[in-house]
Structures are given as structure tokens and as C-alpha cells.
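All values below were derived from every heavy atom in this structure, side-chain atoms included, with hydrogens, water molecules and symmetry-related copies excluded.
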Amino acid sequence: MKNSHSPLFLAVIALLLSASGLAQAPDILTLSGKVVMEDGSAPPHEVKVEFLCNARVIQVARTRHEGSFHFRLGEARRPTELSASSAGPDTLEVGGRGIGGLRAGGGLRESGDGRYDLTNCEIRVTPRPDWRANKITLGVESIFEPDVGVITIHQVQPTAGTLVSASTLSAPKDAVKALNKAKKELGRKNPRYERAAGHAQQAVEIYPGFAEAWKFLGDTQLGMDERDAAYQAYRKAIEADANFVPPYLTLAEMELEQYRYQQALEYTDKLVELTPNDSKAHYYNGLARYSTGGLEEAMESFAVIEKNGAIEQYPGSLLMMGDAMARQGQVAGAAKYLRRYLEVGQPSPEMEEKIRRQLQVWAEQGLIEEAG
């Protein structure tokens with residue numbers, strides 16, 4: 001018959017064993033988890049998994065054939081097991097203080113009873129352009145509960161859009177030379193916008209199909225607050241290369257800043273077509289759709305951001321999702337997003353009061369439970 005012991009019993013046994021020197025060193029913590037594909041299967045190939053604290057990679061592990069991974073923290077590790085940004089025994093010193101939930105020098109910060117504080121630490125798969133995956137956020141972890149959870153990988157569609165225009169490869173040398181001079185002028189400590197614009201203008205005169213030069217000309221004109229001229233330059237850039245993403249982003253931003261949501265749709269729809277998995281593209285598209293009454297289409301864009309694990313980078317999407325769901329009579333879902341917005345969105349005092357008042361009304365009507 002399988003034995004079952006309470007956490008308190010296990011803690012006492014661990015203490016006794018430690019005193020007798022038979023237990024594992026108290027400064028060793030094992031963390032285990034699993035990586036799966038979105039259908040629940042193991043990854044077809046070995047996957048690198050990273051342990052980070054305060055965005056710094058401390059250790060890198062590799063999945064086994066069934067997708068499992070393991071980290072042992074607090075012990076000296078061979079250089080080949082560490083990431084290039086680490087050295088020594090989980091070295092985490094920052095001015096003698098330590099980072100994340102670990103002490104300076106790499107020792108674990110014990111909270112008592114076999115628990116260790118890993119605040120500001122997380123586990124993720126090594127980022128790749130062909131997938132999106134959730135992260136595992138750590139906190140106070142116990143030696144008795146090593147399982148930290150599951151990371152699910154979602155395959156993403158290839159994108160048609162490019163960050164480098166194909167026209168740059170075919171541009172004449174003189175045009176490229178003029179563009180490089182423009183970049184040099186704009187890269188100065190005190191940018192010389194007029195000179196930069198002059199060189200960029202020369203580049204497009206030499207080669208009118210130079211999309212990157214048109215985009216750069218727009219950047220310099222925008223820097224001089226010549227918005228109409230900049231707008232036309234960005235338009236020329238997308239006429240020269242319809243798959244060149246950067247000018248679409250700026251054109252969308254310019255339209256959204258002026259509350260021209262219907263006009264913004266021309267650019268945000270194209271962004272979503274060119275970069276179907278990009279969170280910023282979907283945020284701009286969701287904002288434009290929401291503002292023109294396309295609530296269902298907006299929710300589709302916001303769902304992509306949520307799937308990417310980037311929803312907190314665009315907290316406005318939480319507010320719009322909450323409002324859209326409320327308009328559709330889905331009060332429970334609306335409350336969930338509005339409460340999350342209050343946590344991460346840094347709303348104005350007026351907006352916070354308005355949301356809390358609405359949540360209270362729904363609770364009094366019995367439509368949702370009051371927050372605990």
C-alpha cells in the first residue's frame with residue numbers, strides 16, 4: 001500500500017536527515033517540468049529550456065524524449081551546463097546583492113521548511129521565430145513540490161512581411177551610399193535632420209523604388225515635424241515594396257494618434273496579413289476595429305495577443321475586451337478582464353473608480369461574485 005505523509009511529517013524527516021548528514025544539501029533545489037506541443041504531444045526534437053532571474057539567463061537545460069526538463073539550483077555546475085551569460089556556481093552577484101530570489105554568490109534564499117524564494121525568476125523555452133510559448137513564473141518553491149508545471153509550444157505561421165526591403169538588395173551603389181550618409185547624420189548625438197533628409201532625398205531620386213530610403217526620409221521628416229511630407233514618404237515606401245513592414249507600422253500609428261480609426265484599418269489590416277502572429281500588429285488592428293464598432297474582429301486580434309502571452313504588454317486590450325464582452329452580455333468574462341486591467345493597466349483614478357463602481361453594480365445584481 002502506498003504510503004502517504006503530510007508535508008509537516010516530511011519536513012520533520014528532512015530536518016532529522018539533514019542533522020545526520022543523510023539528506024541532500026539544504027541549499028540544493030530541484031525544479032522539474034514538462035514541455036509539450038499544443039496537441040499535448042512531446043516536442044519532436046530536443047528543446048532548450050532556460051531558467052532566468054530578472055531577465056538574466058542563469059541555467060539552460062534540455063528536454064528529454066518525453067519533453068521533461070530538470071534544473072538543480074544552488075550547486076556548482078560545469079561550464080557546459082551554463083549559458084554563456086553565467087559563470088561559476090549559479091553566479092548571480094549584482095553589486096554584492098544578488099538578483100531574483102537568490103543571494104549574491106548564487107546561494108538560495110531559504111524561507112523555511114524546505115521552501116526557497118525565487119521571486120522575479122521564471123522558466124521559458126529558448127525563444128524561436130517559429131513558435132510562441134508560455135512562461136512559468138516562479139515564487140516561493142518547495143523541495144517537496146519540485147513540479148513547476150507545463151510549457152506549451154504553439155507553432156506559428158510563416159510571415160510574408162519583411163523588416164528589410166528586397167529593394168535594398170537591388171539599389172544602385174550611389175543610392176545606398178546616399179542612404180548611409182543620411183543614417184550617419186541622423187545617428188549623431190545631435191541629429192542633423194535637414195542634412196539627413198537631403199541625403200535620403202538624393203537616394204530616392206537616384207532610385208525611386210528604394211523603399212528603405214523612402215521610409216528613412218519619412219523618419220527624418222517626422223523628426224522635423226513635417227507630418228504631411230513624412231506621410232507621403234511612407235506611402236511611397238509601401239508602393240515600392242508592399243511587403244516592407246516598418247512603414248505600415250508608422251502609418252498606422254500616425255492615423256491612430258489622430259483618431260482616424262477607419263483610415264488606420266487600411267494599414268492595420270495589412271500588418272495582420274503580413275505578420276499574423278505579431279502582438280503589436282494585432283493591438284493596432286484590435287484598437288482600430290474596436291473603435292469602428294467591429295467588436296468581434298477586435299476580440300479576435302486581442303485573442304492572438306493573449307495567446308502570445310503578451311497581453312500585459314498591451315493593457316489597453318484588457319480594457320477593450322472587458323467593455324466588448326459587457327456589451328455582448330458576457331458579464332463574467334468582462335469582469336475577469338476588467339479586474340486584470342486594474343492590476344496591470346495603471347488606470348487613471350477616474351477610470352479606476354468607474355471600473356470598480358461597475359464591478360460593484362454587477363456584484364450587487366448577482367451577476368458576478370465580489371472580489372475576495
inquiry  = Do L52 and R124 make a side-chain contact, defined as non-hydrogen atoms from C-beta onward lying under 4.5 Å apart?
reply    = yes

note = Of all heavy-atom pairs linking H282 and S301, the shortest is ND1-OG, 3.0 Å

inquiry  = In this structure, would V344 and L342 fall into the same cluster of hydrophobic residues linked by side-chain contacts under 4.5 Å?
reply    = yes

message = Under 3.5 Å, is there a donor on one side chain and an acceptor on the other for S167 and D241?
response = no

task = Test V49 against T63 for side-chain contact (heavy atoms from CB on, under 4.5 Å), laying out the working first.
result = CA-CA 7 Å; V49 185; T63 58; 3.9 Å; yes

ask   = Does the side chain of T152 reach to within under 4.5 Å of the side chain of H154, using non-hydrogen atoms?
value = yes

inquiry  = With no hydrogens and no angle check, just 3.5 Å: does a side-chain donor-acceptor pair link N285 and D269?
reply    = yes

message = For a quick test of reading the model, state the closest non-hydrogen atom pair linking H70 to A61 and the distance between them.
response = O-CB, 3.5 Å

query = Do the side chains of P43 and V35 get nearer than 4.5 Å, heavy atoms only?
reply = yes

query = Taking everything shown except E205 itself, do over 12 heavy atoms lie less than 6.0 Å from its CD?
reply = yes

ask   = Would a hydrophobic clustering, with Ile, Leu, Val, Met, Phe, Trp and Tyr connected at side-chain separations under 4.5 Å, put Y314 with M320?
value = yes

message = Heavy-atom count check: over 12 atoms from other residues, nucleotides or ligands less than 6.0 Å from Q346 CD?
response = no

ask   = Under 6.0 Å from the CG atom of D228, do we count more than 12 heavy atoms belonging to anything else shown?
value = no

ask   = Where is the tightest heavy-atom contact between A237 and K215, given as atom of each residue plus distance?
value = CB-N, 3.9 Å

inquiry  = Any side-chain to backbone donor/acceptor pair from Y234 onto P246? Under 3.5 Å, distance only.
reply    = no

Pair R357 + E353: basic N to acidic O under 4.0 Å = yes

ask   = Can we say E352 and R356 salt-bridge, meaning some charged N sits less than 4.0 Å from an Asp/Glu carboxylate O?
value = yes

request  = Please lay out, stage by stage, how L265 and Q263 fare under the test side-chain contact (heavy atoms from CB on, under 4.5 Å).
outcome  = CA-CA 5 Å; L265 284 174; Q263 293 91 326; over 6 Å; no

request  = Look up atom CZ in F51 and atom CD1 in I123, then write down how far apart they are to the nearest 0.5 Å.
outcome  = 6.5 Å

query = In terms of side-chain geometry, is the basic nitrogen of E50 or K135 positioned less than 4.0 Å from the acidic oxygen of its partner?
reply = no

request  = Please check if atom CZ in R64 has more than 12 non-hydrogen atoms from other residues, nucleotides or ligands closer than 6.0 Å.
outcome  = no

request  = Report the C-alpha separation of T220 and L186 in whole Å, then their side-chain angles, then the decisive distance to 0.1 Å, and conclude whether the side-chain contact (heavy atoms from CB on, under 4.5 Å) test is met.
outcome  = CA-CA 8 Å; T220 60; L186 203 60; 4.0 Å; yes

request  = Measure the spacing between CD of E226 and OH of Y193 and express it to the nearest 0.5 Å.
outcome  = 12.0 Å

message = Using the rule that Ile, Leu, Val, Met, Phe, Trp and Tyr join whenever any side-chain heavy atoms are under 4.5 Å apart, tell me whether Y231 and V204 fall into a single cluster.
response = no

key: Nearest heavy-atom neighbours spanning L179 and A213   = CD1-CA, 4.0 Å

message = Return the CG to CE distance between L295 and M321, rounded to the nearest 0.5 Å.
response = 13.0 Å

ask   = Has the side chain of N243 got a donor or acceptor atom that lies under 3.5 Å from a matching backbone atom of S165?
value = no

inquiry  = Between T30 and F71, is there a side-chain heavy-atom distance shorter than 4.5 Å?
reply    = no

query = Do L222 and T250 have side-chain heavy atoms sitting under 4.5 Å apart?
reply = yes

message = Counting only heavy atoms not in E257 (residues, nucleotides, ligands), do more than 12 fall under 6.0 Å from its CD?
response = yes

task = Report yes or no: do M299 and L338 belong to one cluster of Ile/Leu/Val/Met/Phe/Trp/Tyr joined by side chain heavy-atom distances under 4.5 Å?
result = yes

message = Check this for me: does any side-chain nitrogen of one of R260 and E266 sit under 4.0 Å from a carboxylate oxygen of the other?
response = no

request  = State whether the side chain of S142 and the backbone N or O of F144 hold a donor-acceptor pair below 3.5 Å, judged by distance alone.
outcome  = yes

ask   = With a 3.5 Å cut-off and no angle check, do the side chains of E212 and T168 form a donor-acceptor pair?
value = yes

ask   = Quick one: does N308's side chain have a donor or acceptor within less than 3.5 Å of a partner on A310's backbone?
value = no

query = Side chain of S291, backbone of L287: donor and acceptor closer than 3.5 Å?
reply = yes

request  = Applying salt bridge (Lys or Arg N to Asp or Glu O under 4.0 Å), run through K34 and E66 and close with a yes or a no.
outcome  = CA-CA 8 Å; K34 196 170 186 179; E66 74 280 11; over 6 Å; no

query = Hey, mind stepping through I311 and R340 against side-chain contact (heavy atoms from CB on, under 4.5 Å) and telling me if it holds?
reply = CA-CA 10 Å; I311 199 74; R340 194 169 174 192; 3.0 Å; yes

ask   = With a 4.5 Å heavy-atom cut-off, do W214 and P247 have their side chains touching?
value = no

ask   = Which distance, rounded to the nearest 0.5 Å, do you find between the CD1 of I136 and the CD1 of I151?
value = 4.0 Å

message = I want to check something: taking the side chain as every heavy atom from C-beta on, are L31 and F69 in contact at a cut-off of under 4.5 Å?
response = no

request  = Assess the side chains of S32 and D147: does a donor N or O sit below 3.5 Å from an acceptor N or O?
outcome  = no

task = Run the numbers on E273 and K270 for salt bridge (Lys or Arg N to Asp or Glu O under 4.0 Å), then give the verdict.
result = CA-CA 5 Å; E273 176 188 334; K270 188 65 176 180; 3.4 Å; yes

Close side-chain approach of F302 and Y283, heavy atoms under 4.5 Å = yes

key: Minimal non-hydrogen separation, A197 against L217, with atom names   = O-CD1, 3.6 Å

What pairs of donor and acceptor atoms, side-chain ones from residues 322-336 against any protein atom, are under 3.5 angstrom apart with sequence neighbours left out?
unit_1, atom_1, unit_2, atom_2, d
D323, OD2, Y290, OH, 2.7
D323, OD2, R327, NE, 2.9
D323, OD2, R327, NH2, 3.0
Q328, OE1, Q330, NE2, 3.2

Taking every non-hydrogen atom, the tightest pair across K183 and F216 = CA-CZ, 3.4 Å

inquiry  = If I take atom CD from residue E255 and atom OH from residue Y267, how far apart are they, to the nearest 0.5 angstrom?
reply    = 5.5 Å

query = Does any donor atom in the side chain of E306 or Y337 lie under 3.5 Å from an acceptor atom in the other side chain?
reply = yes

ask   = For the atom pair CZ (R192) and CD (E185), what is the distance rounded to the nearest 0.5 Å?
value = 4.5 Å

task = Verify, without hydrogens or angle tests, whether S348 (side chain) and M351 (backbone) share a donor-acceptor contact under 3.5 angstrom.
result = yes

inquiry  = Side chains of Y207 and S170: any donor to acceptor distance under 3.5 Å?
reply    = yes

key: Ionic contact status for R289 with E300, cut-off 4.0 Å   = no

ask   = Is Y261 linked to L249 within one hydrophobic cluster, defined over Ile, Leu, Val, Met, Phe, Trp and Tyr using a side-chain heavy-atom separation of less than 4.5 Å?
value = yes

